[in-house]
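Working notes, structure below.
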Amino acid sequence: MSTEKKPTMSRYNIEGKKLEAFFGPLEASIIETVWRSKKRPLTVREVYETLKKKKSIAYTTVMSTMDRLYDKGLLDRRVEKGKGGVYYVYWPKLEERNFKESAIREVISSLVENFGDLVTSCLVEKAATNDEELRALKEQLETIMKKKKK
Amino acid sequence: MVSFDDVLTQFLQPYFSYSLVFLAISFVCIKIFLRFNSYLDRRTRSIFWLIPLFIPVLVLTVFRPGTIISMLPPLQTSLSPPIIPPMETAFEKMISPIEVPSITGILCLAGLIAATVYFAVTMVFGHRIAARVFHVIMLSPEEYRVLQEKVHEISQKIGISTPKVGLVEDLRPNAFTLGYGRRTVLVFSLGLLNMLDLEELAAVVSHELAHVKANDCFFKSLSYSLSMISFFNPLSYFAVSESQKERELLADERGAKVLGQPRLMANVLTKIGRALQSFPKEHLAVQLSSNLFLVSPLARRPQILAAHPQIAHRVHNIDRLSLKPTPKSTRIIAVVAVSCVLILASVIAGYSMMSFQTAFLQEKEMYMFVCRRSTEFNTSLENSFTLPMETWSTPTSAIVPSLSQFNADLSLGDVNPVLNASDVAQGGFEGIHVVGLPPG
């Protein structure tokens, strides 16, 4: 039942905090709950019960949001048989760190594609505000260049 | 080593044998009776199926399980002469070892206790346990609003208070009802909600609410509890299965009437039945609770034990709702005649059974002879009588012929350890104490 969907990032919200820059608030809560959960895979009910402890929420809302995250390729799912019958279980397609790296790359690629060198200089300015940080950045660049030469 | 006679004695204890035989007789009678009474309504038919299940309760009320008087051989070994002084302890020694627990009595009591516990637990905690097992999620009034409005509308129509609505994540299409009264919860599976449109869901709702209206939660608990009393009798499972099937057909009929579209109800049942075929084998929890569902999820269960009739039978039953035959006078006469024959046959069968059982147990009745001085006779001892001394003036040889008047199955060897010639020669004995039931 699991499908090979590539995770897609449809938008970047400049005002959103952390994951909410990529997702809506509920999507962010759900994906975070799935990442943090020790038990995997998870049913919609399990996610719903975790979220219910933090805020008032309807089961059907969680169900439809998880369905949407599956459609976006962020969650994967399969049908499993258990004592409650036959149901969907979900797990994240990418782990938290992998997802964040992939998302940031996508955003930066998009910026570079649209605005070219300006993006690079802005990034350097933002990343290094004093000499020490500039030196560290230079070292990082040299390491990357060496790796590429090899 | 357990002999065949010992086993037969256990089986022929009245509380066990009567319960087995009368349940079987009543089962066959009800089966034939209902076959000739096709116009009886489903509710009455389902109650009729409880009659065989009530039989063991009645038997246990009349014949209480107890101990069985054991054979003499073990008694002989426990009694070694001299037995007379001290008299009280010797007598107690003689009485206590001969009572053995009845295994069949233990079975009956175990069934009774299990049934009582099951009934109490299902009535008080049943809905909570089932909700936990199936992970029922209670829906808020905003969720599936249209469905909840439909539930409210049909509840009003039927005349019951609107139950709560729950959901299970199960992808198989099904529905069931939990609890009773204010605690009633109508549970739909996700598979059902995804598969059916609102009109079809209304058919499911009316079926489930018909169960609520008919107090099927109570009926189910009661019938399964009663079947547990005689858990050792396979016919009790068949009887409970038949009663549950009648209840399902009743809910179909009432649901179809409330809906006003019998054909829609039939179509929905067929649709769900077909969809369930495509799912994998059921988990144990589902197997154990399959009687809860709208359509049995157990495709492979033998029909004779199923709690749901086959879909085709249910559809046929709904289809012929408008064609119910009205009883003709000749048919009524035939039914009365068949009923009379059945009653007569069951009375004869019951009497034969009782005669056989009584004859067997009397034949095997044991007597224990205890030599007592006249002042020490325990007249309050149950099932005992005193044989005057004059009837056996010459012990060891004369005792057996004199006792033959009681039809006792004894030999010299049975009496000797209790009483021998030298004991009697000491004098002072005025009679012997006989423990056991005199025949006839």
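The figures here come from the full heavy-atom set of this structure, side chains too, leaving out hydrogens, waters and symmetry mates. In what follows, chains carry the letters A, B, and so on, assigned in the order in which the sequence lines appear, proteins first and then strands, with residues in each chain numbered from 1.
For Glu113(A), the CD atom counts as loosely surrounded, since its 6.0 Å shell holds 12 or fewer non-hydrogen atoms of other residues, nucleotides or ligands. Atom NZ of Lys271(B) has more than 12 heavy atoms from other residues, nucleotides or ligands within 6.0 Å. Within a 6.0 Å radius of CD in Glu133(A), other residues, nucleotides and ligands contribute more than 12 heavy atoms. The environment of CZ in Arg128(B) is sparse: at most 12 heavy-atom neighbours from other residues, nucleotides or ligands sit within 6.0 Å.
For Tyr144(B), there are no ring-ring contact (aromatic ring centres under 6.0 Å, His included) partners two or more places apart in sequence or in a different chain. Phe218(B) meets the ring-ring contact (aromatic ring centres under 6.0 Å, His included) test with Phe119(B); sequence neighbours excluded.
Here the closest non-hydrogen pair linking Leu171(B) and Val79(A) is CD1-CG2, 3.9 Å.
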When the side chains of residues 56-63 of chain A are checked against the rest of the protein, which donor-acceptor pairs come out under 3.5 Å, sequence neighbours left out?
unit_1	atom_1	unit_2	atom_2	d
Tyr59(A)	OH	Glu169(B)	OE2	3.0
Thr60(A)	OG1	Glu143(B)	OE2	2.8

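Interface summary for chain A: among Leu190(B), Ile137(B), Leu167(B), the most heavy-atom pairs under 4.5 angstrom belong to Ile137(B).
Contacts between residues 24-47 of chain A and chain B, counted as heavy-atom pairs separated by less than 4.5 Å, involve Thr43(A), Val44(A), Arg45(A).
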